[in-house]
Asker: 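Mind looking over this structure? Questions follow.
Proteins come first, then strands; the chains are lettered A, B, ... in the order of their sequence lines, and each starts at number 1.
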Protein chains: 2
Amino acid sequence: MTELESPTWLTAQEQTFWRAYLRGSRLLENELNSALDGFGVQLTEYELISMLSEAPGGRLRMSLLADAIVQSRSRVTHTAARLEARGWVRRESCLEDKRGVELVLTESGRQAIEDMAWAHVKSVRDALVDALTPEEFAALGHAMEKVREHLHPGHQEPASAQQADCDADGDRAVPDCAS
Amino acid sequence: MTELESPTWLTAQEQTFWRAYLRGSRLLENELNSALDGFGVQLTEYELISMLSEAPGGRLRMSLLADAIVQSRSRVTHTAARLEARGWVRRESCLEDKRGVELVLTESGRQAIEDMAWAHVKSVRDALVDALTPEEFAALGHAMEKVREHLHPGHQEPASAQQADCDADGDRAVPDCAS
DNA sequence: AGCCCCTAGTTGAATTGTAAACCATCGATG
DNA sequence: CATCGATGGTTTACAATTCAACTAGGGGCT
């Protein structure tokens with residue numbers, strides 16, 4: 001440690017926690033990805049489709065989407081292109097703002113996510129939720145919510161169908177965890 | 001929700017927690033990465049060097065390293081090649097096992113990490129540790145430790161210099177959180 | 001209108017990551 | 001000691017991601 005010592009170093013304990021988080025989160029991500037790879041999709045793609053499936057009309061502006069799933073606009077453009085090639089999603093230009101583009105979930109996209117959701121949710125349960133006691137999981141959730149708010153104050157899920165009319169069915173959002 | 005209902009779906013509450021984790025962890029990763037990008041390094045590269053810096057003699061077998069930082073062997077090979085090109089690391093073939101390769105931190109690599117550590121630790125503190133109460137952070141750490149153990153039972157940090165002789169200095173491990 | 005700067009989104013090249021095939025060695029076993 | 005499956009690591013080809021332009025439309029101001 002020499003004289004580099006400074007109040008900013010982590011204590012041994014903090015370090016242990018931090019590493020647990022770092023490694024654990026990687027393992028978790030791997031796990032969730034492999035649950036999806038039978039479908040030829042990655043978690044990040046799943047997240048995108050899933051957000052779309054929850055939005056009213058299954059449509060969302062590119063930038064809202066990017067924001068919601070914490071990906072760069074560029075990345076969303078590329079990802080959307082891939083999904084479009086599979087016919088799961090369609091681009092529509094935005095009436096109110098001619099710069100804008102809306103991404104729309106196609107019927108076959110909706111079908112696809114309904115097929116995948118099962119496996120995805122199971123992996124989230126198996127790898128995370130059921131590995132913890134409800135209290136532990138809640139604590140994890142709260143802590144991460146705080147981190148999220150800290151790093152991106154006021155970050156909201158885009159107004160979603162899940163609010164009131166989730167059970168009214170109209171737009172079938174993939175209800176679960178989706179992403 | 002229709003009839004897809006099944007015991008495996010997440011409850012609304014679970015879903016909220018899960019999303020907080022998912023988005024929060026992405027924001028966090030972005031944050032930590034941007035703290036490093038003045039040095040032209042990514043978090044994953046930092047993790048590698050940091051593990052090395054803690055290992056006795058600053059050397060570690062490729063596969064141990066890969067395991068420790070939860071990256072594929074292939075990825076570690078590539079990353080190591082990049083770091084080698086910068087002169088931070090050197091490959092040495094292993095005496096006891098002729099298939100093996102040890103990665104050794106060079107003096108300039110050690111210098112580099114000492115330079116970066118400060119900024120890195122600060123980002124971990126600012127973005128995560130200090131954003132939570134000690135209790136919240138501990139709870140997060142415990143939960144993630146459990147997840148890690150669940151997904152990779154018996155996973156250990158490679159026997160590291162940090163054990164007893166950390167303060168003895170001999171090998172200067174970057175003490176902090178490193179990664 | 002004309003100007004300016006900001007936001008939305010795309011593009012394409014350069015980096016980085018993944019997956020599968022591959023070579024060499026290990027080490028148990030017959 | 002020859003064989004054979006498993007392990008350690010690299011390579012190659014390809015897929016995904018980033019990064020820095022770039023196009024185009026908003027929208028305030030004069």
Asker: If each of Thr77(B) and Leu95(A) is mapped to the nucleotide of DNA chain D with the nearest heavy atom, which maps nearer the 5' terminus, i.e. the 5' end?
Answerer: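 The answer here is Thr77(B).
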Asker: Let me know the distance between CG of Asn33(A) and C1' of dT17(D), rounded to the nearest Å.
Answerer: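 My rounded result for the distance is 14 Å.
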Asker: I want to verify a distance call: between dA24(D), dC26(C), dC19(D), whose nearest atom is closest to the Ser74(A) side chain?
Answerer: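 Among the listed nucleotides, the one closest to the side chain of Ser74(A) is dC19(D).
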Asker: Would you say the side chain of His78(B) and the base of dT11(D) hold a donor-acceptor pair, judged only by whether the two atoms sit under 3.5 Å apart?
Answerer: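 Side chain to base: no pair present.
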Asker: Should Arg73(A) be listed as having a side-chain N or O under 4.0 Å from OP1 or OP2 of dC22(D)?
Answerer: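 Answer is no, no contact under 4.0 Å.
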Asker: Return the value, rounded to whole Å, for the distance between atom CG of Leu48(B) and atom P of dG9(D).
Answerer: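 Atom CG in Leu48(B) sits about 13 Å away from atom P in dG9(D).
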Asker: Using whole Å, report how far CE of Met62(A) lies from P of dT11(C).
Answerer: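 Rounded to whole Å, this separation is 10 Å.
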Asker: Ser63(B) side chain: which of dA16(D), dG26(D), dG8(D) is closest?
Answerer: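 Looking only at side-chain atoms, Ser63(B) lies closest to dG8(D).
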Asker: Give the residues of residues 83-93 of chain B touching DNA chain D, defined as any heavy atom closer than 4.0 Å, sorted by residue number.
Answerer: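 Only Arg91(B) qualify.
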Asker: Would a 4.5 Å heavy-atom cut-off, applied to side chains only, mark Cys94(A) and Arg61(A) as touching?
Answerer: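 They are in side-chain contact.
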Asker: Check the distance between dG9(D)'s C1' and Gln71(B)'s CD and give it to me in whole angstrom.
Answerer: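 For the pair Gln71(B) CD and dG9(D) C1', the rounded distance is 15 Å.
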Asker: Considering heavy-atom distances to DNA chain D, does Glu96(A) or Thr79(A) have its closest nucleotide positioned more toward the 5' end?
Answerer: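 The residue closer to the strand's 5' end, by nearest nucleotide, is Thr79(A).
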Asker: Please round to the nearest 0.5 Å and tell me the distance separating atom CZ of Arg73(B) and atom CE of Met62(B).
Answerer: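 Nearest 0.5 Å value for the CZ-CE distance: 10.0 Å.
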Asker: With a 6.0 Å cut-off on ring centres, are Phe17(A) and His142(B) close enough?
Answerer: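 Yes: the rings meet the under 6.0 Å criterion.
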Asker: I need the single residue from Arg59(B), Gln111(B), Met51(B), Arg110(B) that forms a side chain to side chain contact (heavy atoms under 4.5 Å, CB included) with Leu105(B). Which is it?
Answerer: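 When Arg59(B), Gln111(B), Met51(B), Arg110(B) are each tested with Leu105(B), the side chain to side chain contact (heavy atoms under 4.5 Å, CB included) holds only for Arg110(B).
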Asker: Look at Arg26(A) and dG17(C) and indicate whether a side-chain polar atom (N or O) is within less than 4.0 Å of OP1 or OP2.
Answerer: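 Checking dG17(C) against Arg26(A), no side-chain N or O comes under 4.0 Å of OP1 or OP2.
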Asker: For a side chain to side chain contact (heavy atoms under 4.5 Å, CB included) with Tyr21(B), tell me which candidate from Arg148(A), Glu145(A), Met144(A) qualifies.
Answerer: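 For Tyr21(B), the side chain to side chain contact (heavy atoms under 4.5 Å, CB included) check succeeds only for Met144(A).
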Asker: Would you indicate what Gln42(B) reaches in the nucleic acid, counting non-hydrogen atoms under 4.0 angstrom: base, sugar-phosphate, or nothing?
Answerer: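 Touches sugar-phosphate only.
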Asker: Rounded to the nearest angstrom, tell me the gap between atom CG in Asp97(A) and atom P in dT10(C).
Answerer: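 So the CG-P distance, Asp97(A) to dT10(C), works out to 13 Å.
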Asker: So, Thr106(A) side chain and Gly87(A) main chain: donor-acceptor pair closer than 3.5 Å or not?
Answerer: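 Here the side-chain-to-backbone pair exists.
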Asker: Pick the nucleotide of DNA chain C nearest each of Arg99(B) and Arg75(B); which residue has the one closer to the 5' end?
Answerer: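 With Arg99(B) and Arg75(B) compared, the 5'-side residue is Arg75(B).
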Asker: Between atom CG in Asp67(B) and atom C1' in dG9(D), what is the gap in whole Å?
Answerer: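 Whole-Å distance recorded here is 14 Å.
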Asker: Could you tell me how far apart Lys98(A) (NZ) and dT10(C) (P) are, to the nearest whole angstrom?
Answerer: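 Spelled out: NZ on Lys98(A) to P on dT10(C) is 17 Å.
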Asker: Can you tell me how far the CG atom of Leu65(B) sits from the CG atom of Leu48(B), to the nearest 0.5 Å?
Answerer: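 Answer for the CG-CG pair, Leu65(B) versus Leu48(B), is 4.0 Å.
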Asker: How close or far is atom P of dT10(C) from atom CG of Leu65(A), stated in whole angstroms?
Answerer: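 These atoms are roughly 11 Å apart.
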